[in-house]
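Working notes for the structure below.
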Amino acid sequence: MKVKLLFLCSLFLMASFCERSEHPKDKIAFENETFIFLHFKNEQQCLDAQPSDFFINCHSELNFLEDGMAEIILTDIIWRGEYVVINKNIILTFDNNFEIPDRTLVFEIINESKLKKVDDKTIWKKLNGDSIWD
């Protein structure tokens with residue numbers, strides 16, 4: 001009996017020293033990732049829609065930074081805030097501003113390359129490469 005107890009205690013002790021992975025296999029890491037929502041189907045449509053006196057953004061952009069920080073461009077201003085991942089949602093919190101009056105945006109995680117902005121149901125795709133049009 002003492003041998004079994006000693007064996008179980010030693011297994012427990014060894015297991016407690018095992019290093020756990022920072023990101024569980026079923027959890028998606030967003031740090032240093034960028035997601036975009038295109039306002040036009042292609043680059044030519046964006047260029048054709050431009051007025052002569054200023055430039056309309058062709059896309060909105062969400063950048064996940066280090067340490068739980070994020071930046072979002074909805075029109076032409078970069079807003080910086082914090083984000084947390086809870087279950088299948090990413091909750092972004094910002095200071096008061098006119099584009100995000102509730103201070104909070106929620107994105108539903110569809111998969112590792114697509115997010116859905118909950119308030120307007122737009123699909124934001126992970127940026128791959130240097131061009132938004134790829």
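Hydrophobic side-chain contacts under 4.5 Å tie Ile78 into a cluster, directly or through other members, with Ile73.
For Asn89, the side-chain contact (heavy atoms from CB on, under 4.5 Å) partners two or more places apart in sequence, or in a different chain, are Val106, Glu108. Under the rule for a side-chain hydrogen bond (donor to acceptor under 3.5 Å, both in side chains), the partners of Asp120 that lie at least two apart in sequence or sit in another chain are Lys117, Thr122. With sequence neighbours excluded, the residues satisfying side-chain contact (heavy atoms from CB on, under 4.5 Å) with Asp76 are Asn57. Annotation: side-chain contact (heavy atoms from CB on, under 4.5 Å) contacts of Pro51 (sequence neighbours excluded): Asp53, Phe54, Ile56. Remark: Trp133 engages no residue in a side-chain hydrogen bond (donor to acceptor under 3.5 Å, both in side chains) (not counting sequence neighbours). Evaluation of the side-chain contact (heavy atoms from CB on, under 4.5 Å) rule for Thr34 yields Ile36, Glu61, Asn63, Leu127 as partners, not counting sequence neighbours. In this view, Asn42 satisfies the side-chain hydrogen bond (donor to acceptor under 3.5 Å, both in side chains) rule with no residue, not counting sequence neighbours.
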Show the numbers, then the answer: is there a side chain to side chain contact (heavy atoms under 4.5 Å, CB included) between Thr93 and Val84? CA-CA 9 Å; Thr93 307; Val84 294; over 6 Å; no

Under the side chain to side chain contact (heavy atoms under 4.5 Å, CB included) rule, what do Phe98 and Ile77 come out as? Steps first, then yes or no, please. CA-CA 11 Å; Phe98 66 91; Ile77 299 170; 3.4 Å; yes

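By the rule that hydrophobic residues join a cluster once side-chain heavy atoms approach within less than 4.5 Å of another member, Trp124 and Leu38 end up as members of separate clusters.
With contacts defined as side-chain heavy-atom distances shorter than 4.5 Å, the pair Asn96/Arg103 qualifies. Looking only at side-chain heavy atoms (C-beta outward), Phe30 and Ile109 come within less than 4.5 Å of each other.
Judged as a disulfide bond (SG atoms under 2.5 Å apart), not a single pair has a partner in residues 78-134 (not counting sequence neighbours). Here salt bridge (charged side-chain N to carboxylate O under 4.0 Å, His left out) pairs that include residues 30-40, with residues two or more places apart or in two chains, are Glu33-Lys126. Sorted by first then second residue, the disulfide bond (SG atoms under 2.5 Å apart) pairs that include residues 38-123, not counting sequence neighbours, are Cys46-Cys58.
For the atom pair CD1 of Ile91 and OH of Tyr83, the computed distance is 13.0 Å after rounding to the nearest 0.5 Å. Note that CZ of Phe40 and NE2 of His59 are 12.0 Å apart. Values are rounded to the nearest 0.5 Å. In this structure, Phe35 CZ and Leu62 CG are separated by 7.5 Å, a value rounded to the nearest 0.5 Å. We find the NZ-CG distance between Lys88 and Leu115 to be 11.0 Å, quoted to the nearest 0.5 Å.
Counting non-hydrogen atoms of neighbouring residues, nucleotides and ligands closer than 6.0 angstrom, the CD atom of Glu82 reaches no more than 12 such neighbours. Other residues, nucleotides and ligands contribute more than 12 heavy atoms inside 6.0 Å of the CG atom of Asn32.
Asp102 and Thr104 share no side-chain donor-acceptor pair at under 3.5 Å.
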Under 3.5 Å, which donor-acceptor pairs do the side chains of residues 64-72 form with other protein atoms, sequence neighbours left out?
from	atom 1	to	atom 2	distance (Å)
Glu71	OE2	Arg80	NE	3.2
Glu71	OE2	Arg80	NH2	3.0

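Each of Asp119, Leu92, Val118 was scored for a side chain to side chain contact (heavy atoms under 4.5 Å, CB included) with Phe107, with one residue passing: Leu92.
In terms of heavy-atom proximity, Asp95 sits nearest to Asn97 at O-ND2, 3.1 Å.
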